[in-house]
Amino acid sequence: MKHSKLGLYIFLIPVILWLFLLIVIPHIDLFIMSLRAENDLGELVWSLQNYKNFFTEPVYWVTFVRTAIYSILVTIITAIIALPVSFFITKVVNSRFSNFLSILLLMPFWVSELVRVYGWMILLRESGVINHFLIKLGILNRPIEFLYNDISMIMVLVYTSMLFMVVPLISVMESLDDHLIEAAYDLGASTKDIVFKIIIPHAKPGLTSGSIVVFMLTLGNYLTPNLIGGKNSLWFTEQIYTQFIASFNWNQGAAFGFLLLVLSSLIIWIALKITRQSLGKVVQ
C-alpha cells in the first residue's frame, strides 16, 4: 500500500509542477496584467479599459465573431468528413488493413504544422503544382491564385484538424455492435435511418469531444490563417499577436487572450446545452 502511494506521488508531483509552473502561474500573471492600463499620466493603474476596448472597437469584436463563425464551420465540415472515414476504417475495411489506414492518417502529422501549411502553399500558389497541371491539361489558359482567400483557408484548417476528429470517432465506432446494423437492414431500415438513428447517436460522444478539440484548435490557430488566408483574412489570434509583438501592448494582448478563453468556453457550453451533452460524459 505504501509503495503504491509512493508511486502515485512520484507520478503526480511532476505533473502538478508542470501545470502550476507553466500554465497556472503564467495565466495568473497575464490576468493581473490584463487589469492594468495606462492613465493620462502614462502610469499603470487598475482598470477594465483593456476589456472595454474589445467591445467599443468594432474591429476587435467583429474579428472575433468572424473567427468563431469560421471555426464552427470548420468543425462541422471536419465532422461531416471524419464520420464516414472513421466508419469505413472500423467497419468496412478488413481488420488487417484498418491499422494501416490509421497509420496513413497519422503520417502527415509526423511533421510540423508549418511544413504541412507550406506544402499546401506549394500546391495552391499561382506557380504551384495544381495550376501547372491545369494549364498542361488545357483547363486553364493562365494560372489562378488559389491562395489568400477564405475558401482555401477553411480547406487547410479542415485538413490540419482532421486527425483530432477522426481519432475519437474511431475509438467510438469500434464499440458499435455490427449486429445492430445487420438487424436494422434485416428489418427493412434504409441507409438514412441507420446513419441517423444508429451510427450518429452511438458516435455522439466522439463527435462532441472531437468537435470541442477541433473548435478550440481552429479558434486559436495563428499559422494557417496568417499564411493561407493572407492579409485579407482577419483572425482574432492575429489581433493578439499584434498587441503583444507589434504594438508591445502586453496588457491589451493579455485581455484579448482571456476574452478568447472565456468566449470560446461560453460557445462550447452553449453547444453542449443545445446538443444535450455533458462535459463529464464527453471526457469519459
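Only a predicted model underlies this, so the values are computations on that prediction, with no experimental measurement involved.
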| said: Does F196 have more than 12 heavy atoms from other residues, nucleotides or ligands lying within 6.0 Å of its CZ? | reply: no
| task | Decide yes or no for Q252 and S247: does some side-chain heavy atom of the first lie under 4.5 Å from some side-chain heavy atom of the second? | result | no
| said: More than 12 heavy atoms of other residues, nucleotides or ligands under 6.0 Å from CG of N141: yes or no? | reply: no
| Are V74 and F215 side-chain neighbours, meaning at least one heavy-atom pair lies under 4.5 Å? | no
| query | For atom OH of Y241, is the number of surrounding heavy atoms from other residues, nucleotides or ligands below 6.0 Å larger than 12? | reply | no
| remark: Scanning both residues in full, the closest heavy-atom pair of I170 with S102 reads CD1-OG, 4.3 Å
| note | In I77, L83, T78, the residue satisfying side-chain contact (heavy atoms from CB on, under 4.5 Å) with I81 is I77
| Those residues that, when tested against N99, pass side-chain hydrogen bond (donor to acceptor under 3.5 Å, both in side chains) (two or more places apart) | none
| task | Any chance you could measure I199, atom CD1, to L169, atom CG, to the nearest 0.5 Å? | result | 11.5 Å
| task | Measure the spacing between CD of E174 and OG of S98 and express it to the nearest 0.5 Å. | result | 7.5 Å
| request: Decide whether V262 and L35 are clustered together by the hydrophobic rule: side chain heavy atoms of Ile, Leu, Val, Met, Phe, Trp, Tyr closer than 4.5 Å, transitively. | output: no
| request: Any chance you could lay out the side chain to side chain contact (heavy atoms under 4.5 Å, CB included) test for D150 and R66, step after step, and finish with the verdict? | output: CA-CA 11 Å; D150 292 340; R66 181 182 185 276; 2.7 Å; yes
| 4.5 Å side-chain heavy-atom contact, Y148 and R125 | no
| field | Short side-chain to backbone donor-acceptor contact, N251 and M33, under 3.5 Å | value | yes
| query | Under the 3.5 angstrom rule, does the side chain of N149 hit a backbone N or O of S152 as a donor-acceptor pair? | reply | yes
| task | Applying side chain to side chain contact (heavy atoms under 4.5 Å, CB included), run through I144 and E126 and close with a yes or a no. | result | CA-CA 6 Å; I144 297 176; E126 196 170 351; over 6 Å; no
| request: Would you sort out whether T191 and Y185 count as a side chain to side chain contact (heavy atoms under 4.5 Å, CB included), showing the intermediate values? | output: CA-CA 8 Å; T191 302; Y185 271 122; 3.5 Å; yes
| note | So OG of S71 and CG of L157: to nearest 0.5 Å the spacing works out to 7.5 Å
| request: Find out if a path of hydrophobic residues (ILVMFWY) with successive side-chain heavy-atom gaps under 4.5 Å connects I80 to M155. | output: yes
| query | Which of these, W61, Y70, F64, sits in a ring-ring contact (aromatic ring centres under 6.0 Å, His included) with F236? | reply | F64
| Of all heavy-atom pairs between R142 and I135, which one has the smallest distance, and what is that distance? | C-CD1, 4.0 Å
| request: Of all the heavy-atom pairs spanning L219 and T237, show the shortest one and how long it is. | output: O-CG2, 3.6 Å
| For D178, all residues meeting salt bridge (Lys or Arg N to Asp or Glu O under 4.0 Å), sequence neighbours excluded | K91
| field | ILVMFWY network linking I274 to L263, side-chain heavy atoms under 4.5 angstrom | value | no
| message | For F164, give me all partners under ring pair (Phe, Tyr, Trp, His ring centres under 6.0 Å), at least two apart in sequence or on another chain. | response | none
| field | Heavy-atom side-chain contact between L176 and V172 under 4.5 Å | value | no
| query | Taking the side chain from S264 and the backbone from L261, do they hold a donor-acceptor pair closer than 3.5 Å? | reply | yes
| request: Evaluate the criterion side chain to side chain contact (heavy atoms under 4.5 Å, CB included) for residue pair F146 and N131; output intermediate values, then yes/no. | output: CA-CA 9 Å; F146 293 109; N131 271 305; 3.6 Å; yes
| Going by heavy atoms in the side chains, are V85 and M162 under 4.5 Å from each other? | no
| said: Please report the interatomic distance CD(E57) to OG1(T63), rounded to the nearest 0.5 Å. | reply: 11.0 Å
| note | Only residue of F55, W250, Y51, Y60 satisfying ring-ring contact (aromatic ring centres under 6.0 Å, His included) with F256 is Y60
| Minimum heavy-atom separation for A82 to M165, with atom names? | CB-CG, 3.4 Å
| request: Apply side-chain hydrogen bond (donor to acceptor under 3.5 Å, both in side chains) to Q49 and list each qualifying residue two or more places apart in sequence or on a separate chain. | output: N53
| field | Smallest separation among heavy atoms of L101 and F88, with atom names | value | CD1-CE2, 4.1 Å
| Looking at CG of L259 and CZ of F54, how far apart are the two atoms once the value is rounded to the nearest 0.5 Å? | 5.5 Å
| said: Could you see if L124 belongs to whatever hydrophobic cluster contains V115? Use Ile, Leu, Val, Met, Phe, Trp, Tyr and a side-chain cutoff under 4.5 Å. | reply: no
| said: Treating N50 as the side-chain partner and R36 as the backbone partner, does any N or O pair qualify as donor plus acceptor under 3.5 Å? | reply: yes
| query | Under a single-linkage definition using a 4.5 Å side-chain heavy-atom cutoff for Ile, Leu, Val, Met, Phe, Trp and Tyr, are V167 and V111 assigned to the same hydrophobic cluster? | reply | no
| request: Tell me, yes or no, whether the heavy-atom count around I151 atom CD1, taken from other residues, nucleotides or ligands under 6.0 Å, exceeds 12. | output: no
| message | With a sphere of 6.0 Å drawn around CZ of F133, does it hold more than 12 non-hydrogen atoms of other residues, nucleotides or ligands? | response | no
| Heavy-atom side-chain contact between L227 and L114 under 4.5 Å | yes
| field | Any residue meeting salt bridge (Lys or Arg N to Asp or Glu O under 4.0 Å) with K52, in chain and number order, not counting sequence neighbours | value | none
| How many angstroms lie between atom CD1 of I228 and atom OG1 of T160, to the nearest 0.5 angstrom? | 9.5 Å
| remark: side-chain hydrogen bond (donor to acceptor under 3.5 Å, both in side chains) filter on H202, not counting sequence neighbours, yields S175
| remark: For G210 and P168, the nearest pair of non-hydrogen atoms, with its separation, is CA-CG, 3.9 Å
| Does a side-chain heavy-atom distance below 4.5 Å link T224 with W235? | no
